[in-house]
Number of protein chains: 4
Amino acid sequence: MADSMRRTLGVQKGARSSQVVKAVLSATTAELSRGGYAGLTIEAVAKAAGVNRTTVYRRWPTRAALLAAVLEPLLARYDVVPDTGSSCHDLSVLLQTVRDNAELPEGQAFTEASRSTSAELQDLMSAALHRALAPFHAVLTRAVERAEIEPEQRDLIAQLAFFGAVMWTQTHPKPLTDAECDDMAQLLLPAAADAGTR
Amino acid sequence: MADSMRRTLGVQKGARSSQVVKAVLSATTAELSRGGYAGLTIEAVAKAAGVNRTTVYRRWPTRAALLAAVLEPLLARYDVVPDTGSSCHDLSVLLQTVRDNAELPEGQAFTEASRSTSAELQDLMSAALHRALAPFHAVLTRAVERAEIEPEQRDLIAQLAFFGAVMWTQTHPKPLTDAECDDMAQLLLPAAADAGTR
Amino acid sequence: MADSMRRTLGVQKGARSSQVVKAVLSATTAELSRGGYAGLTIEAVAKAAGVNRTTVYRRWPTRAALLAAVLEPLLARYDVVPDTGSSCHDLSVLLQTVRDNAELPEGQAFTEASRSTSAELQDLMSAALHRALAPFHAVLTRAVERAEIEPEQRDLIAQLAFFGAVMWTQTHPKPLTDAECDDMAQLLLPAAADAGTR
Amino acid sequence: MADSMRRTLGVQKGARSSQVVKAVLSATTAELSRGGYAGLTIEAVAKAAGVNRTTVYRRWPTRAALLAAVLEPLLARYDVVPDTGSSCHDLSVLLQTVRDNAELPEGQAFTEASRSTSAELQDLMSAALHRALAPFHAVLTRAVERAEIEPEQRDLIAQLAFFGAVMWTQTHPKPLTDAECDDMAQLLLPAAADAGTR
DNA sequence: TTATAATCGAGACGGTACGTCACGTCTTAGT
DNA sequence: ACTAAGACGTGACGTACCGTCTCGATTATAA
């Protein structure tokens, strides 16, 4: 039953396997950078990685799996919550992380794919979204505790901050600067901004 | 020369043509509602419209053209700038418009497609984005004139408001309520909110 | 009933109609010269003639009809039977006629189309073949009367002579010369050749 | 590089592949028998063979390739030169081979296609023609050596004999009989016929 | 050290959709 | 009354990837 598929399960210790993995994943980001997720084909990835098409299929059965694999490092950055003492600054730091991710092809592909209706992607993407939003909620929960914002504003601010940064390049030719991240944070956390300034 | 491509140019007077157009466009929204833009195939649209595939190609040479056609009514709603006297309320009205659009399959497809790297879409989508953002800028320019916000905050607020509303359903199971639109507007325009309150 | 088709039946007196006919027919030979009968499309003919596609269809409902129209002048040359006194020379003259026709694009298309299995062509082509073979039979019948060949050889010789000339360009880069026509005639009618020589 | 086109190159060991090949080729001759080469569509061949259309394309990229494949056995018959001692009889044997081939749908398609102007066919067909004419030239070269014909008559006789037989069914309802083959050979090789008779 | 299991490359296949071309028919105008 | 122009359904084209399967051929891990 498991044999019928002959699917690759884990990464072998040997150098060969890990090289294949590395080659495929970097080929994937390369392919994502031109064409985005919509233009991502297993065929092209395999060719770019110098690997047989079936080999890719064995380890990553779907396009979504490939995306997930390549997305992991970006999401890992959201696993640490900044804590500088100032909510406003914490938020700004998070926005900078978002910006850094959004500049990478994988990051672009993420926002592109997050709108997809495909079932396989839906789960992956909503999980990733929650992971990315988590530090925002953490920082803003602290802001609530410091009485800088009302509790019921928390989610709204997280929403505005996160997507404001994610979608920045949609409307602006250049990526967010650090100063603009600060502006955005101050706009959304006026009380915290005052505290930091004075 | 016009003959050389044998492409359908305008809608004929006859009932036949206009019926075809209607059938195809509504089939397009139907197909968009399941599968989104990524899952939109001319084949399926044609079948759902009870029309031959080539007929679709003649009038809408690309998938993007089909999307543009079906998107037009939504974008038209952004052509009127609300003017209720209160900037905060104007903004809220715009957010409600965004929400209404985002609930429709065409609207979802719009945000999905706007992230695409495809050349044909790029132009169409950036034009649509500008059209959708225009009323936001108009309303906020009035807010600047009323000294409710700083001039340099204008674009930033437009950005946060627009994408905050557009991406709402990414993080929330239910669409924006009118009250939430008000909250969002007040958060972004605190001075104008005060004015309206007093 | 007849109106439902709205088919053009005869050539109108006016200059316009006859001009259309001329333009289409010469466009047809032009198209035949590149692509042959297999590559002949109504679309291309209409465009080359500067005429609408439907106009062509009305007057020549099928590709075969177009071919027939353009073939007529070539077949007309077979309606006169040479009579120089020498069977051998008569045959040579016929072979030269075949060669002249075979050099024209219509002639090439004729031999190409004559092998077709299409029903509409079958009739047209077999009729044309008979018309082309008729003078051969006439000349050879005279040869039989002159006791230059056996009666039962008549059809065989006609067959060899006609197709030998028609298919000449299949195996030779240059068309038949007059001398080669003579050689061929003498080979097939040795008795008549002797008579002419002495 | 071999992967880049994903084209089927050779016949695999497995029974599957060879069965596909067999099915497609016999379907091709079946389709040729109705419609001829002009009416041959990959679509119909695939359907008749119970095979997917793309599978056909992979192994035989063009219609011409399909024809060539199906033609090969017929052409192979021309690779052996008859040598019965009598030039006249040798020629008759060749004519019978031509007749046998011309009765098969592939043979009909061959003569049909040989008149085509298509580039892809041109090469294939001229090569096939040379292959078919080769034994004629061989037999007639022997006849020259036996002083039965003049050297400069050789090609002319080959031309007349070959095409006379090939085109036989154009003008006759029934295929060539063996006796008629003999007649034709004797007509073209009178000296050799005498030798055989005495 | 040699089995044994995991992984890979290669070739082939059925299948879906693409975008294009030409077909032949029909309707609606425009002279 | 003809022709023009526009539109449509239809069939076939050749291509691109898809996802699956079956073979060997390698390559590691373990008896």
Roughly how far, to the nearest 0.5 Å, is [atom2] of [Y] from [atom1] of [X]?
X	Y	atom1	atom2	value
C:I42	C:T54	CD1	OG1	11.5 Å
D:E106	D:L75	CD	CG	10.5 Å
D:R34	D:L40	CZ	CG	10.0 Å
C:Y37	C:E31	OH	CD	14.0 Å
C:R115	D:R115	CZ	CZ	10.5 Å

| message | Looking at B:T55, I'd like to know whether one of its side-chain N or O atoms comes within less than 4.0 Å of OP1 or OP2 on F:dG9. | response | yes
Just how far, in rounded Å, is [atom2] of [N] from [atom1] of [X]?
X	N	atom1	atom2	value
C:N52	E:dT25	CG	P	15 Å
D:W60	E:dC13	CH2	P	8 Å
D:L66	F:dG14	CG	P	11 Å
D:R59	E:dA12	CZ	C1'	8 Å
B:E31	E:dA17	CD	P	10 Å
D:I42	F:dG11	CD1	C1'	14 Å

Any N/O donor-acceptor pair, A:R53 side-chain to F:dG19 base, under 3.5 Å = yes
Ignoring hydrogens and geometry beyond distance, is the side chain of D:T54 in donor-acceptor contact with the base of E:dG15 at under 3.5 Å? yes
Contacts of B:L40 and A:G50 projected onto DNA chain E by closest heavy atom; the upstream (5') one is A:G50
Per nearest nucleotide of DNA chain E, the residue lying toward the 5' end, C:T41 or B:R63, is B:R63
Heavy-atom nearest nucleotide on DNA chain F taken for D:P61 and for B:V51; more 5' hit belongs to B:V51
Return the nearest nucleotide to the side chain of [X]; candidates are [options].
X	options	answer
A:R58	E:dC18, E:dG15, E:dC8	E:dC8
A:Y57	E:dT7, F:dG19, E:dA17	F:dG19
D:E43	F:dT3, F:dC13, E:dG9	F:dC13

